[in-house]
Amino acid sequence: MNNIAKGFFITAIIYGLLGMLLGLEMAISQNHGQMPTHAHTMVIGWLSFSLFGFYYFQFGSSVR
Ligand code: HEM
Ligand code: HEM
């Protein structure tokens, strides 16, 4: 796996874990005030970065 793909995947996993922790915290405290923070941590940090990682894994990069 090239370095850019690996970097995106590792970053996605970190955002995913942190975003899920924030979701759990919101659910347990029943205070959904950080919902936009949670939503974007998940959709940008986890979903989009996973997709970018998959792209670079499939198609590679000129930077290695
Ligand atoms: C441990 C796992 C998770 C927990 C405990 C959790 C918890 C929550 C809670 C409490 C809300 C607020 C709901 C509301 O106020 O209407 C929320 C919203 C949201 N979550 Fe999660 N979540 C989790 C995982 C995820 C994942 C994996 C994703 C996406 C990949 C995600 C995406 C979203 C989005 C986009 C919203 C906003 C929904 C809206 O616009 O109403 N969450 N989540
Ligand atoms: C850097 C790029 C982005 C910016 C600046 C941005 C900004 C915003 C803003 C200002 C809101 C309204 C939040 C509120 O009502 O308080 C919002 C809501 C939302 N956005 Fe984004 N967004 C971005 C990227 C994305 C992406 C890539 C996705 C999905 C793949 C997404 C999914 C959502 C969803 C599901 C909501 C409704 C949930 C919520 O209110 O938090 N956003 N976004």
Side-chain angles (χ1 to χ4, degrees):
M1 195 186 295
N2 65 62
N3 286 337
I4 293 187
K6 202 178 286 174
F8 271 121
F9 278 130
I10 291 168
T11 312
I13 290 166
I14 293 169
Y15 272 115
L17 290 174
L18 292 177
M20 285 195 288
L21 277 180
L22 181 56
L24 269 177
E25 195 278 329
M26 288 194 303
I28 292 167
S29 67
Q30 297 187 6
N31 173 3
H32 295 183
Q34 291 301 317
M35 193 260 272
T37 317
H38 164 75
H40 290 85
T41 306
M42 298 315 295
V43 297
I44 300 178
W46 167 243
L47 293 179
S48 300
F49 279 25
S50 299
L51 184 69
F52 299 160
F54 188 65
Y55 172 89
Y56 282 109
F57 179 70
Q58 283 296 310
F59 300 109
S61 155
S62 54
V63 183
R64 301 239 161 223

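What you see is a predicted model, and the numbers here were worked out from it, not measured in a lab. In what follows, every heavy atom counts, from backbone to side chain, and hydrogens, waters and symmetry copies are set aside. Every number for a ligand or one of its atoms is a count from 1 in the order of the listing.
Interface of Val43 with ligand 2, defined as ligand atoms under 4.0 Å from a residue heavy atom, comprises 26 (C), 28 (C), 29 (C), 30 (C), 31 (C), 32 (C). For ligand 2, the atoms closer than 4.0 angstrom to any heavy atom of Pro36 are 16 (O), 41 (O).
A parallel orientation is assigned to the rings of Tyr56 and Phe8, their planes being inclined by less than 30° (bins at 30° and 60°).
Under a 3.5 Å cut-off, the side chain of Ser48 and the backbone N or O of Val43 do form a donor-acceptor pair.
When Gln30, Glu25, Met20, Met26 are ranked by how near their heavy atoms come to atom 11 (C) of ligand 1, first place goes to Met26.
Contact annotation for atom 41 (O) of ligand 2: protein present (non-hydrogen atoms, distance under 4.0 Å). When distances from atom 9 (C) of ligand 2 to the protein are checked, no heavy atom turns up under 4.0 Å. Contact annotation for atom 17 (C) of ligand 2: protein present (non-hydrogen atoms, distance under 4.0 Å). Closer than 4.0 Å to atom 37 (C) of ligand 2 lies none of the heavy atoms of the protein. For atom 30 (C) of ligand 2, a protein heavy-atom neighbour is found at a distance under 4.0 Å.
In terms of N/O distances under 3.5 Å, ligand 2 is approached by His40. Considering backbone and side-chain atoms alike, Trp46 places every N or O at 3.5 Å or more from each N or O of ligand 1.
Among all non-hydrogen protein atoms, the one lying nearest atom 43 (N) of ligand 1 is His38 NE2, 2.8 Å. The protein atom (non-hydrogen) at minimum distance from atom 39 (C) of ligand 2 is Met35 SD, 3.7 Å.
By the criterion of a heavy-atom distance under 4.0 Å, the side chain of Ala39, and not its backbone, is placed next to ligand 2. The proximity of Leu47 to ligand 2, defined as any non-hydrogen pair under 4.0 Å, does not occur for either the backbone or the side chain.
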